[in-house]
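Notes follow the structure.
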Amino acid sequence: MSPAITYLDHAASTPMRPAAIEAMMPFLATNYANPSGSHRFARAARLAVDESRDLVAATIGCRPDEVVFTGCGTESDNTSILGAVARAGGRAVCSAAEHHAVLHPVEATGGVVVGADRFGRIDLDELTAVLETAADDGGDGRGVCVVSVMAVNNEVGTISDVAAVAEIVRRLAPGALVHTDAVQAPTWVDLRTLVDHVDLMSLSAHKFGGPKGTGILVERGGPRVAPLIVGGGQERGRRSGTHDVAGIVATATALAITDAERDAEDARLRTLRDGLVDSITGSLDDVVETIGRDDDGVAKVAGSAHLCIGGVESEALLYLLDEAGVCASAASACASGAMEPSHVLAAMGVDRQVALGALRLSLGHATTATDVERGAEVIVDAVSRLRSRSMALRS
Ligand code: PLP
């Protein structure tokens, strides 16, 4: 990447690990065979897929036959929700702070969206009430077939207590599956600590240094949901479509490196993230860290800095940052010409006006101290310029 770019958007996508690029190249350049074939070329490609599956399983702490390679994190999430409803009937349940890849299929199948707490975690009391009502049939005879809880929130970086959610589901709705969207987790959370609590887990390679367009669905204990994509019967009928051998090999490589480096990276990036936030809040007033590092009882990933900046609108700020080569994001969307704050902040009860000044800065394996220093400098300058502009307009 050009040295003029300061990339602080790793939660959106993180650069590929060089070792992952190296691992995938032979399957783009020389061994391009379809791994479902029977000739030696195909067998070599199939061996690469099998070895990747073994590596992924060892890194996650599950069995190789529980690993299904998919086309992206969205596909894994969609398969979990739509496939659970298709297989068992009943309702899907999630919180209002989930990624749209979960939220939309839950809504589309007439599921239940429960509230979130002020940190973006599912409201456990509301979940309990929903499951208790469903146990009494909810009046309409439709029980709950799947409860989905994200491991790490993609906007504000909160780590959920997946084990606590799973315990409630097992107790009150023993027939329901537990799914976790762990797309944002691998850089920060040891997946072995999650996998035993859930039936389904979704991952996406481009969030941990693999390529875009490759995902993983873990189905514990064999097929748990109906497949979303049917056809040639690849992935033991759980996800048809010719394997992306290069993508799968790179995904396994990136996941294993991410796992091996996690502890050291967590400490390194936590220090850089805290420095970034301190530089900004130390130079500007009216800037709130949406989830403070000292907030009681809340765990937040080391690479996430989410700020609400008073007196500026995210869109205008992102424009100036982009001009200066700083890549960040805000997660607001422009609907019908009016800026709408993010659904996650709305679910957390963040005031609409405050949420319009949201800025998400996310760090990852390629982040350096220089990125953080330059990022802080450019952000402070851009916010100061926007504020003096609006003061001038008002006077
Ligand atoms: N779930 C979460 C929490 C995400 O952050 C994302 C990507 O932003 C997705 C799902 C979708 O993953 P993909 O981009 O692989 O479709």
Side-chain angles (χ1 to χ4, degrees), residues 7-16 20 56 68-83 92 94-108 113 116 119-122 146-160 162 165 179-189 191 194 198 200-218 228-229 239 241 244 247-248 250-252 254-255 258 291 299-301 303-306 327-333 342-345 347-348 358 360-364:
Y7 189 77
L8 295 173
D9 205 14
H10 289 263
S13 199
T14 202
M16 278 192 71
V56 166
V68 180
F69 290 112
T70 67
C72 58
T74 299
E75 184 191 318
S76 301
D77 283 343
N78 274 228
T79 304
S80 299
I81 306 300
L82 300 176
C94 74
S95 96
E98 287 288 327
H99 191 277
H100 286 134
V102 167
L103 204 46
H104 285 170
V106 168
E107 289 168 343
V113 177
F119 303 113
R121 301 172 298 193
I122 191 166
V146 60
V147 175
S148 186
V149 54
M150 69 201 315
V152 172
N153 184 277
N154 50 301
E155 284 188 35
V156 292
T158 314
I159 301 174
S160 293
V162 173
V165 174
H179 166 250
T180 187
D181 174 343
V183 164
Q184 293 287 341
T187 308
W188 319 107
V189 179
L191 300 175
L194 290 177
V198 300
L200 301 157
M201 177 190 283
S202 299
L203 298 170
S204 171
H206 74 105
K207 308 290 187 180
F208 54 77
K212 291 168 189 62
T214 308
I216 294 169
L217 174 62
V218 179
L228 190 65
I229 299 182
R239 200 283 185 181
D244 172 5
I248 288 168
T251 295
L255 189 62
T258 300
I291 295 177
K300 180 169 96 158
V301 297
S304 166
H306 191 282
C327 305
S329 72
S332 49
S342 101
H343 73 282
V344 172
L345 297 183
M348 290 164 60
R360 181 185 73 175
L361 306 166
S362 49
L363 284 53

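Whatever order the structure lists them in is the order used to number ligands and atoms, beginning at 1.
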- prompt: Quick one: does Thr158's side chain have a donor or acceptor within less than 3.5 Å of a partner on Phe119's backbone?
  reply: yes

- prompt: Under the 3.5 angstrom rule, does the side chain of His104 hit a backbone N or O of His99 as a donor-acceptor pair?
  reply: no

query: Is the closest side-chain heavy-atom distance between Ser160 and Val165 below 4.5 Å?
result: no

- prompt: Counting distance only, does the side-chain N/O of Asn153 pair as donor-acceptor with the main-chain N or O of Ala97 below 3.5 Å?
  reply: yes

task: Give the protein residues with at least one non-hydrogen atom closer than 4.0 Å to an atom of ligand 1, ordered by chain and number.
output: Cys72, Gly73, Thr74, Asp77, His99, Met150, Asn154, Asp181, Val183, Gln184, Ser204, His206, Lys207

query: Does the side chain of Leu8 come within less than 4.5 Å of Leu363's, by heavy atoms?
result: yes

Pair up each side-chain donor or acceptor in residues 205-214 with any protein partner under 3.5 Å, not counting sequence neighbours, and list the distances.
unit_1, atom_1, unit_2, atom_2, d
His206, ND1, Ser13, OG, 2.8
Lys207, NZ, Ala11, O, 3.0
Lys207, NZ, Ala12, O, 2.9
Lys212, NZ, Ser13, OG, 3.1

